[in-house]
A.B. asks: 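Below is the structure I would like to discuss, written out as structure tokens.
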Amino acid sequence: MKYIPEPFKIKTVEPIKMTTKEDRIRAIKEAGYNTFLLKSEDVYIDLLTDSGTSAMSDAQWAAMQLGDEAYAGSRNFYDLEKTIQEVYGYKYFVPTHQGRAAEHIMSQLLIRPGDYVPGNMYFTTTRLHQEKAGGKFVDVIVDEAHDPASTYPFKGNIDIDKLQRLIDEVGVDKIPYISYETCVNMAGGQPISIANIRALRMFCDKYNIKIMLDNTRTVENAYFIQKREAGYANRSIKEIVAEICSYTDGCTCSAKKDGLVNIGGFLAMNEEEFFIAAKAQVVIYEGLHTYGGMSGRDMAALAQGIRESVDNDDYIKYRVEQTNYLGERLTGAGIPHVIPHGGHAIFLDAKAFLPHLDQEQFPAQALAAEIYVETGVRAMERGNVSAGRNTETGENYRPKLELVRLTIPRRVYTQSHIDYAADGIINLYQQRNKIKGLQFVFEPKVLRFFQARFEQIEQDSPVKARV
Ligand SMILES: *Cc1c(COP(=O)(O)O)cnc(C)c1O
């Protein structure tokens, strides 16, 4: 198996506690079999999320020392502005504390009650802000995105026929913009192609509709284009990122992902009127338009992080190929998971991993808990628990995809950490029949996956109890 050498060396280390299986059995019971409720210090390798968990470089830490904390007109704001103009090509921007704050301001400004917002699959916070502004999200992603076994190389693409049908149905006036996400998170980190965004631009020009990019994972997406799309093998990541953005009218961005920082985000655009309106909103919800939701030092780290994400192609190659390496190890062992491998995470297929459990016994939740007990690796459930209950019938939704997400933080874990995680999961797969299902002991009404508590179902306990 070809591994990918890390394009950095380690200068500062954060020790991690080594735990025993007994420690971990105790910890997961205390956490009600919910990995969100584990203490971080009880986790060996934390693959819960790639959001805000990146390791910053020496240059980013040095930049933080040069934070200009002036209330107005911080030098770091102007440096960030110049960086966003150079790398993404947008004329104007307002800083925000993270991605959802940018989504809030954009949705309030662009959406009118009764509008429809087409997009390539929903994202949780994005859809919520669209709905809060009175809009309705409409999924126009290609059908392949919903099939975990489809090997289509650009499963993030928009199906322009679906978009045309929506326009014919509701009228173009009811569509404020297209919400276009790179490396679509909820589809498993699946990329869009240049051919798709170019076709979308031509289509939207015909109808005079804006394209607003969710720019959170554009650098990862650019790597897939370089690797897979005809004519792009010799183009740099920086050129491809700029080309993607050039077909759009602006973006929201969670800088906690490709931006290589622990907190931050922004809303960017080319139209001056939109910028003036966004500045008026940012002072209400975030802060003055030259810091928004960020301190001077945070803006300094972000400007440097954006530059590092595109300065050379080695970083992003390592980042995406490290994720792919984990996926390839699991493929080699015959472990069922979503393909092609996405940019930021590998998704285990818990239904196929644990065929002896009914979906009502929460196989993905049970598998995430058991991976922790076996290995000290923390993953996240994306299945029946996350999907919740139908408010009318009270039944669990039983989604088609019952997944466990192994999300790779950027520049944090080494080759041997990834091998350790893969070996542990492969070992667990060989004893998968022993994994027990779960039942609720506490079920929150909304977003239940964050705080729900469970216990194991003892299939044979009634008999055993009598012995
Ligand atoms: C994380 C994320 C967001 C929300 O950003 P926050 O910084 O968590 O508020 C929006 N869109 C996508 C695609 C994301 O991954």
Side-chain angles (χ1 to χ4, degrees), residues 4-16 40-41 43-69 74-84 86-88 93 95-102 183 215-220 222-223 237-238 241 253-266 291-323 343-345 378 407-418:
I4 186 80
E6 288 90 1
F8 54 81
K9 59 183 175 178
I10 294 163
K11 178 142 61 181
T12 304
V13 295
E14 178 183 343
I16 21 184
S40 144
E41 63 175 19
V43 172
Y44 178 50
I45 298 174
D46 203 346
L47 306 185
L48 189 73
T49 175
D50 68 331
S51 179
T53 54
S54 300
M56 294 210 297
S57 67
D58 52 358
Q60 283 178 290
W61 283 108
M64 286 191 83
Q65 294 291 328
L66 301 176
D68 172 1
E69 307 303 343
S74 162
R75 112 170 71 83
N76 310 116
F77 169 80
Y78 295 106
D79 183 39
L80 181 57
E81 179 182 54
K82 197 169 122 243
T83 306
I84 288 172
E86 264 175 33
V87 173
Y88 306 122
F93 91 107
T96 58
H97 77 280
Q98 56 186 82
R100 66 197 69 184
C183 266
N215 192 10
T216 301
R217 291 190 174 81
T218 303
V219 182
E220 288 171 3
Y223 178 72
I237 292 297
K238 195 170 183 174
V241 166
C253 185
S254 169
K256 300 171 70 173
K257 284 81 167 209
D258 277 356
L260 292 168
V261 288
N262 306 117
I263 193 77
F266 59 89
Y291 71 87
M294 298 170 80
S295 63
R297 68 181 87 95
D298 286 338
M299 290 191 285
L302 175 56
Q304 177 62 23
I306 291 172
R307 290 192 290 266
E308 284 176 20
S309 72
V310 298
D311 262 357
N312 60 60
D313 297 0
D314 297 336
Y315 154 69
I316 195 64
K317 178 175 182 196
Y318 141 81
R319 192 284 184 279
V320 176
E321 294 298 342
Q322 186 182 45
T323 306
H344 69 296
R378 169 154 69 172
T407 333
I408 317 294
R410 295 166 182 79
R411 306 194 293 207
V412 172
Y413 293 115
T414 63
Q415 162 75 17
S416 89
H417 285 124
I418 300 294

A.B. asks: Kindly compute the distance separating OH (Tyr223) from CG (Asp313), expressed to the nearest 0.5 Å.
C.D. replies: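 With rounding to 0.5 Å, OH (Tyr223) is 9.5 Å from CG (Asp313).
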A.B. asks: Determine whether Arg378 and Ser40 make a side-chain contact, defined as any pair of heavy atoms from C-beta on separated by less than 4.5 Å.
C.D. replies: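 Arg378 reaches Ser40 side chain to side chain.
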A.B. asks: Give me the atom names and distance for the closest heavy-atom approach of Pro95 to Phe266.
C.D. replies: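 Shortest heavy-atom separation between Pro95 and Phe266 comes out as CA-CB, 4.2 Å.
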A.B. asks: Hey, is the main chain of Leu48 close enough, under 3.5 Å, to the side chain of Thr407 for a donor-acceptor pair?
C.D. replies: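 Between the backbone of Leu48 and the side chain of Thr407 there is a qualifying donor-acceptor contact (under 3.5 Å).
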A.B. asks: How about Phe93 and Tyr88: are their ring centres within less than 6.0 Å of each other?
C.D. replies: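 Distance test on ring centres: not under 6.0 Å, no.
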A.B. asks: Treating Gln60 as the side-chain partner and Leu260 as the backbone partner, does any N or O pair qualify as donor plus acceptor under 3.5 Å?
C.D. replies: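 It does hold such a pair.
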A.B. asks: Is Ser54 reaching over with its side chain to a backbone N or O of Asp50, donor-acceptor style, under 3.5 angstrom?
C.D. replies: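 Side chain of Ser54 to backbone of Asp50, a donor-acceptor pair under 3.5 Å: no, none is there.
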A.B. asks: Which is it for Arg319 and Ile408 under the side chain to side chain contact (heavy atoms under 4.5 Å, CB included) test, yes or no, and what are the steps along the way?
C.D. replies: CA-CA 9 Å; Arg319 192 284 184 279; Ile408 317 294; 3.8 Å; yes
A.B. asks: Could you go through Arg75 and Leu66, starting from their C-alpha distance and side-chain angles, then the distance that decides it, and tell me whether this counts as side chain to side chain contact (heavy atoms under 4.5 Å, CB included)?
C.D. replies: CA-CA 9 Å; Arg75 112 170 71 83; Leu66 301 176; 4.2 Å; yes
A.B. asks: Kindly check if the number of other-residue, nucleotide or ligand heavy atoms within 6.0 Å of CD (Gln65) is above 12?
C.D. replies: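 Counting neighbours around CD of Gln65, 12 or fewer heavy atoms of other residues, nucleotides or ligands fall under 6.0 Å, so no.
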A.B. asks: Given side chains that start at C-beta, do those of Arg307 and Asp79 come closer than 4.5 Å, heavy atoms only?
C.D. replies: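 Yes. Closest side-chain heavy atoms under 4.5 Å.
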A.B. asks: Leu80 and Ile306: side chain to side chain contact (heavy atoms under 4.5 Å, CB included), yes or no, with the steps?
C.D. replies: CA-CA 9 Å; Leu80 181 57; Ile306 291 172; 4.0 Å; yes
A.B. asks: Considering non-hydrogen atoms only, spot the tightest contact between Glu6 and Tyr413 and give its length.
C.D. replies: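 Minimum heavy-atom separation between Glu6 and Tyr413: OE2-O, 4.3 Å.
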A.B. asks: What heavy-atom pair brings Ala63 and Ala300 nearest, and what distance separates the two atoms?
C.D. replies: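 Heavy-atom minimum between the residues: O-CB, 3.5 Å.
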A.B. asks: Could you walk me through whether Asp258 and Glu220 pass side chain to side chain contact (heavy atoms under 4.5 Å, CB included), step by step?
C.D. replies: CA-CA 7 Å; Asp258 277 356; Glu220 288 171 3; 3.4 Å; yes
A.B. asks: I need the minimum non-hydrogen distance between Ile45 and His417, along with the two atoms involved.
C.D. replies: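 Closest approach of Ile45 to His417: CD1-O, 3.4 Å.
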A.B. asks: Can a donor-acceptor pair be found, under 3.5 Å and without considering hydrogens, that links the side chain of Asn76 to the backbone of Asp68?
C.D. replies: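 Checking the backbone N and O of Asp68 against the side chain of Asn76, a donor-acceptor pair under 3.5 Å is found.
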A.B. asks: For Ala222 versus Val241, what's the shortest heavy-atom pair and its separation?
C.D. replies: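 Result for this residue pair: CB-CG2, 3.7 Å.
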A.B. asks: Testing the basics here: between Ile16 and Val43, what is the closest heavy-atom pair and its distance to 0.1 Å?
C.D. replies: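 Closest pair (atom of Ile16, atom of Val43, distance): CG2-O, 4.2 Å.
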A.B. asks: Is Glu308 paired with Arg411 through a side-chain N to carboxylate O contact shorter than 4.0 Å?
C.D. replies: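 Yes, charged N to carboxylate O under 4.0 Å.
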